[in-house]
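Single-structure report; data block below.
Reminder, nothing fancy here: chain letters follow the sequence lines and each chain counts from 1.
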Protein chains: 2
Amino acid sequence: MTSLARGLHVIRAFAGVDRRLTIADVSRATGLTRAVVRRCLYTLRELGYAASDGRTFRLQPRILSLGYAYLATAPLPIAAQPVLTELSERIGEATTVGVLDEGTVVYVARASTQRIMSVTLGVGSRLQAYCTALGRVLLASLPSAAAAAALAREERVAHTRFTVTALPQLLAILEEVRAHDYALNDQELEIGLRAIAVPVRNVVGATVAAMNVSAQASRLSRRELIETVLPALRAAAERLGAELAP
Amino acid sequence: MTSLARGLHVIRAFAGVDRRLTIADVSRATGLTRAVVRRCLYTLRELGYAASDGRTFRLQPRILSLGYAYLATAPLPIAAQPVLTELSERIGEATTVGVLDEGTVVYVARASTQRIMSVTLGVGSRLQAYCTALGRVLLASLPSAAAAAALAREERVAHTRFTVTALPQLLAILEEVRAHDYALNDQELEIGLRAIAVPVRNVVGATVAAMNVSAQASRLSRRELIETVLPALRAAAERLGAELAP
DNA sequence: CGTCGCGGTACGATAATCGCACGTAACGAG
DNA sequence: CTCGTTACGTGCGATTATCGTACCGCGACG
């Protein structure tokens, strides 16, 4: 059904920087003709998912009900939330469970501490896989060829002076992740931000998600992350995995 | 565009209790023909928004990207998050900003403390308006007739022995909310849970959202909520409102 | 062994979708 | 100030994808 596919494509077009888009804006962003975009936006407005101010359109909160349909029923986010909350309390840092969606990591559950951080992330947030601990764990769980292909498809930018963007180097890192069964991100996404992640394997051993702990670099050294945080993180990931049917 | 509307309807059909639905299940839940549902689900699967296990279908995390398109760009959640985080740190309790979507309240931003609560709620969560402090503030901001109509349309169940479900009583409560400019929910949603909410008014004075503080009844009395929490809540709501264009 | 409900398929009728062309508004150069 | 240019949203007939009914095979259940 092309209309459904196009409508969803239109919704996603709003994920960019601008919040108010004209029909022509969406047309450019999606590659759909202006007439198609117009019909989509009119339909979305009729259904209450979007609203218009003269020539510009914007999404409405009702859009959240679509994601809620997933969050409220999918086994992974439901099982993950209490585990993360408990882990976050114990460690005193923010924790996340994410899954891979083509080159990006999608946060499906999160427990954050109250400390204000410059990156404001929550459930539904999307980050490119190549430069996050979560993403590298998830990429490492794929067959080498698939991981390489996923990396090659993505546009890789250096967010900080530590960010690794070169393909061979990234593949070597994935090998390391496979060997140690964890990934450590040291300020590659943002200066002052460190994260460590491990895979979440279900009862038959398939990696279905990844779990991380992220913290300000000033509060936790690389060493502390590996020696103190990693064991607790592994235990939590294992506990979650045991609850997940194949 | 009927296909788009039907597809979104299908997605929302998953919001119920069961997570895995057959074509016939969705057909019953939506009132759409099985053939239509089949085409919708096949399209969603093709696009990666759903997956199938033989006869049953389930949503995939990619669905979250639709809600993220709103969260990442809409002014309200963006402006609300830091205000809530700050308020939550000061009060030491969970805080929320929500908006009205036909008889239900949709959470668009939230800052929670680490304490585990029986109700696990996050951004995107939906609760019926009649039995929450947020909902009553939002209903009170509507013209009386519209509020009464919205209340009458909803099916009202008593979640606890304190829940008010009678229409005349609810309308009287809304009057009270209008008079005092805040709503207090004392264990009507769940035993042991109290919440207080105030409207968030934008720069031209229109109520565009509501903000609440919710806490375990054992930690905060009604009196403390009104005398200690309410002033801080009002200040935060005002600060947020000042950032919101008409 | 019959019945029921399920998912899949086929196909003519129909209604939704397409893409072009039009009118309009904003803008800049002359 | 005016005219040419550009980009926008919109309307409309032709077209095509979509609809829903009917039917088939299958498995579960009584």
Side-chain angles (χ1 to χ4, degrees), chain A residues 1-60 62-63 66 69-70 73-75 245-246, chain B residues 1-60 62-63 66 69-70 73-75 245-246:
Chain A
M1 291 209 304
T2 50
S3 306
L4 174 55
R6 283 173 167 151
L8 296 174
H9 197 19
V10 164
I11 293 175
R12 293 185 69 156
F14 282 86
V17 281
D18 294 331
R19 57 184 190 267
R20 299 193 174 195
L21 299 179
T22 66
I23 290 176
D25 288 334
V26 176
S27 168
R28 271 187 300 270
T30 57
L32 301 171
T33 63
R34 291 201 306 273
V36 169
V37 171
R38 189 172 103 99
R39 281 191 292 273
C40 286
L41 287 174
Y42 274 48
T43 305
L44 290 173
R45 186 180 56 181
E46 212 58 39
L47 297 171
Y49 293 106
S52 62
D53 276 349
R55 307 168 25 135
T56 65
F57 287 80
R58 60 184 190 282
L59 296 182
Q60 293 290 102
R62 179 171 297 191
I63 284 285
L66 303 176
Y70 168 77
T73 61
Chain B
M1 292 212 300
T2 48
S3 306
L4 175 54
R6 284 173 164 153
L8 296 175
H9 196 21
V10 164
I11 293 175
R12 293 185 70 155
F14 283 86
V17 280
D18 293 331
R19 58 185 189 265
R20 300 193 173 195
L21 299 179
T22 66
I23 291 176
D25 288 334
V26 175
S27 169
R28 271 188 300 270
T30 57
L32 301 170
T33 326
R34 286 210 313 267
V36 170
V37 171
R38 191 174 106 96
R39 280 192 287 272
C40 284
L41 287 174
Y42 274 49
T43 305
L44 290 173
R45 187 180 55 178
E46 211 58 40
L47 296 171
Y49 292 106
S52 61
D53 274 351
R55 302 162 38 129
T56 65
F57 287 80
R58 59 186 191 281
L59 297 181
Q60 292 291 101
R62 181 171 297 189
I63 284 285
L66 303 175
Y70 167 77
T73 62

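Note on B:Ala24: only backbone sugar-phosphate atoms sit closer than 4.0 angstrom, heavy atoms only; bases stay farther off.
Contact of the A:Arg58 side chain with the A:Leu21 side chain is not registered, since no non-hydrogen atoms from C-beta on lie closer than 4.5 Å. Side-chain contact between A:Tyr70 and B:Tyr49: absent, with no pair of heavy atoms (C-beta onward) separated by less than 4.5 Å. In this structure, the side chains of A:Leu8 and B:Leu8 come closer than 4.5 Å at one or more pairs of heavy atoms.
Listed candidates were C:dC6, C:dT17, D:dT21. Nearest to the side chain of B:Arg55 is C:dC6.
Between B:Thr22 and C:dG7 there is a side-chain polar atom (N or O) within less than 4.0 angstrom of OP1 or OP2. Considering only side-chain N and O atoms, B:Thr33 lies under 4.0 angstrom from the phosphate OP1 or OP2 of D:dG20.
Comparing A:Ile23 and A:Thr2 against DNA chain D, the residue whose closest nucleotide sits nearer the 5' end is A:Ile23. The 5' end of DNA chain D is approached more closely, in terms of each residue's nearest nucleotide, by A:Arg28 than by the other of A:Ser3 and A:Arg28.
At whole-Å resolution of the value, CZ in B:Arg6 and P in D:dG20 are 5 Å apart. Whole-Å rounding puts the B:Leu32 CG to D:dT21 C1' distance at 16 Å. One can place CG of B:Leu21 at 15 Å from C1' of C:dC6, the figure rounded to the nearest angstrom. As rounded to whole Å, 19 Å separates atom C1' of D:dC8 from atom CZ of A:Arg20. Following rounding to the nearest Å, A:Leu4 (CG) and D:dA17 (P) show an atom-to-atom distance of 16 Å. Remark: C1' of C:dG7 and CZ of B:Arg39 are 14 Å apart, rounded to the nearest angstrom. D:dC19 atom P lies 16 Å from atom OH of B:Tyr42, rounded to whole Å. In this structure, the CZ atom of B:Phe57 is 9 Å from the P atom of C:dG7, given to the nearest Å.
From B:Thr43, atom OG1 reaches atom CZ of B:Arg45 across 10.0 Å, with rounding to the nearest 0.5 Å. Taking CD1 from A:Ile23 and CG from A:Leu32, the interatomic distance works out to 12.5 Å, rounded to the nearest 0.5 Å.
Counting atom types as modelled, B:Arg34 pairs no side-chain N or O with a base atom of D:dG20 as donor and acceptor under 3.5 Å. Under 3.5 Å, the side chain of A:Arg38 and the base of D:dG9 form no donor-acceptor pair of N or O atoms.
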